[in-house]
Amino acid sequence: MEFLNHKWKLWYKSLDVNHDGKISFADVEESRSKFAELHKLLGDKASGVKIDMEGWWIKYILQTKDGEISLEQFLERCGSEYKADKAKYTAKMTECFNVLFDVIDTNKDRSIELSEYIIAFQAFGHENENLVRKSFELLNPKDGLIPLKDIVNSWIQFTTSDDPHKKDVVKESFEEGV
């Protein structure tokens with residue numbers, strides 16, 4: 001459990017978009033606004049992405065629109081869900097990351113190119129482009145693209161695998177400072 005707790009702490013920190021030490025609706029607002037702005041989305045496309053991102057945040061992270069979650073609460077929730085039923089928790093994380101990366105894949109080509117990857121990380125408050133580029137390379141892009149399923153699988157592994165000997169590119173990226 002200690003290994004997963006370490007990774008969940010990294011995940012929590014990555015979700016604290018405004019870096020104020022807690023996850024709240026302010027993080028939702030900042031991430032979805034930055035994402036739409038960086039992608040230069042307008043009108044219905046911008047509204048749709050903002051609604052989809054808000055829905056993801058509420059369903060998988062905050063659980064209520066006016067909710068706030070501390071690190072301790074986040075670790076407790078992840079830990080109790082994992083301990084209660086690892087298969088169910090893994091299914092939830094699979095759904096969670098399929099939904100998120102479907103929103104991030106704005107051109108709907110089922111793959112992520114470097115510019116989409118950079119924008120996604122910037123929208124979540126990760127501004128060091130060099131580190132984000134290194135993170136992208138850890139996922140072994142082919143012809144400048146990473147299949148969406150590869151990214152989703154890397155995040156599922158990051159949030160569910162308790163094997164410290166298994167290569168974990170998301171963990172590695174966060175530990176490098178992304």
Side-chain angles (χ1 to χ4, degrees), residues 4-82 88-108 112-129 131-132 135-136 146 148 151-160 170-171 173-174 177-178:
L4 274 171
N5 266 324
H6 170 68
K7 294 196 300 181
W8 292 331
K9 285 177 187 175
L10 293 170
W11 185 26
Y12 182 88
K13 185 177 177 186
S14 80
L15 293 168
D16 182 10
V17 179
N18 62 9
H19 311 295
D20 66 355
K22 63 185 178 222
I23 298 174
S24 67
F25 203 75
D27 296 298
V28 177
E29 289 290 352
E30 187 166 333
S31 68
R32 67 188 189 155
S33 294
K34 278 174 125 176
F35 188 81
E37 179 184 310
L38 290 166
H39 267 293
K40 298 176 178 44
L41 301 176
L42 302 170
D44 290 344
K45 183 75 171 175
S47 298
V49 165
K50 286 180 177 183
I51 289 167
D52 291 345
M53 283 188 83
E54 178 180 320
W56 177 83
W57 275 95
I58 291 169
K59 182 171 184 178
Y60 299 104
I61 308 302
L62 292 173
Q63 298 185 334
T64 64
K65 187 170 181 168
D66 42 348
E68 179 177 293
I69 188 165
S70 69
L71 173 61
E72 294 73 25
Q73 292 167 320
F74 186 79
L75 294 175
E76 173 60 33
R77 185 173 72 212
C78 290
S80 64
E81 289 177 7
Y82 181 85
K88 186 176 177 182
Y89 180 75
T90 300
K92 178 183 176 183
M93 292 299 101
T94 300
E95 181 183 276
C96 168
F97 294 112
N98 273 307
V99 168
L100 177 61
F101 287 108
D102 187 54
V103 173
I104 288 170
D105 182 24
T106 57
N107 64 5
K108 303 302 181 206
I112 300 291
E113 62 188 47
L114 180 59
S115 62
E116 289 174 299
Y117 195 81
I118 290 170
I119 287 172
F121 271 88
Q122 287 175 337
F124 278 83
H126 305 277
E127 302 292 335
N128 188 325
E129 191 173 315
L131 290 175
V132 174
S135 173
F136 184 81
I146 302 168
L148 211 54
I151 294 176
V152 168
N153 288 339
S154 70
W155 279 85
I156 295 166
Q157 178 187 331
F158 172 65
T159 56
T160 66
V170 177
K171 175 182 166 291
S173 294
F174 285 135
V178 166

Taking side chain as C-beta onward, heavy atoms only, is Tyr12 less than 4.5 Å from Trp8?
no
Measure the spacing between OG1 of Thr159 and CG of Leu10 and express it to the nearest 0.5 Å.
12.0 Å
Can you name the closest pair of heavy atoms from Ile23 and Leu15 and give their distance?
CD1-CB, 3.5 Å
Should Gln157 and Val170 count as side-chain neighbours, where that means a heavy-atom distance under 4.5 Å?
no
What distance separates Glu76 CD from Leu71 CG, expressed to the nearest 0.5 Å?
11.5 Å
So, for Ser14 and His126, which heavy atoms are closest and what is the spacing to 0.1 Å?
O-NE2, 3.2 Å
Could you check whether any side-chain N or O of Lys7 sits under 3.5 Å from a backbone N or O of Phe158, counting only pairs where one atom can act as donor and the other as acceptor?
yes
Centroid separation under 6.0 Å, is that true for the rings of Phe124 and Trp11?
no
Do Ser47 side-chain atoms and Gly43 backbone N/O form a donor-acceptor pair below 3.5 Å?
yes
Would you check if the side chain of Lys108 reaches a backbone N or O of Asp102 as a donor-acceptor pair within less than 3.5 Å?
yes
Using modelled atom types and a 3.5 Å cut-off, is there a donor and acceptor pairing between side-chain atoms of Asp27 and backbone atoms of Asn18?
yes
Please tell me if the side chains of Ile104 and Phe35 come closer than 4.5 Å, counting only heavy atoms from C-beta onward.
yes
Relative to each other, are the rings of Trp155 and Phe121 parallel, tilted or perpendicular (30° and 60° limits)?
tilted
Nearest-0.5 Å distance that lies between atom CD1 in Ile112 and atom CG in Asp105
4.5 Å
Asp20, CG atom: more than 12 neighbouring heavy atoms under 6.0 Å
yes
Restricting to non-hydrogen atoms, name the atom on Lys34 and the atom on Gln122 that form the minimum distance, rounded to 0.1 Å.
NZ-O, 3.3 Å
With a 4.5 Å cut-off on side-chain heavy atoms, are Phe136 and Ile118 touching?
no
All heavy atoms of Ser135 vs all of Val178, minimum pair found to be CB-CG2, 4.0 Å
What do the steps show when you test Asn107 against Glu116 for side chain to side chain contact (heavy atoms under 4.5 Å, CB included), and what is the final call?
CA-CA 9 Å; Asn107 64 5; Glu116 289 174 299; 3.3 Å; yes
Interatomic distance, Leu4 atom CG to Leu75 atom CG [nearest 0.5 angstrom]
10.5 Å
Note, Val49 side chain near His39 side chain (heavy atom, < 4.5 Å)
no
What is the distance from atom CD of Glu37 to atom NZ of Lys40, rounded to the nearest 0.5 Å?
8.5 Å
On a heavy-atom basis, the closest approach of Ser70 and Gln73 is N-OE1, 2.8 Å
Value for NZ (Lys50) from OG (Ser31), rounded to nearest 0.5 Å, stands at 10.5 Å
4.5 Å side-chain heavy-atom contact, Tyr89 and Thr160:
yes
Heavy-atom count around Lys45 NZ within 6.0 Å, excluding the residue itself: above 12?
yes
NZ (Lys92) with more than 12 external heavy atoms under 6.0 Å:
yes
Working for side chain to side chain contact (heavy atoms under 4.5 Å, CB included), residues Glu54 and Arg32
CA-CA 7 Å; Glu54 178 180 320; Arg32 67 188 189 155; 2.6 Å; yes
Could you tell me whether the side chain of Trp56 reaches within less than 4.5 Å of the side chain of Ile61, counting heavy atoms only?
yes
Got Asn128 and Val132 here, is their nearest side-chain heavy-atom distance under 4.5 Å?
no
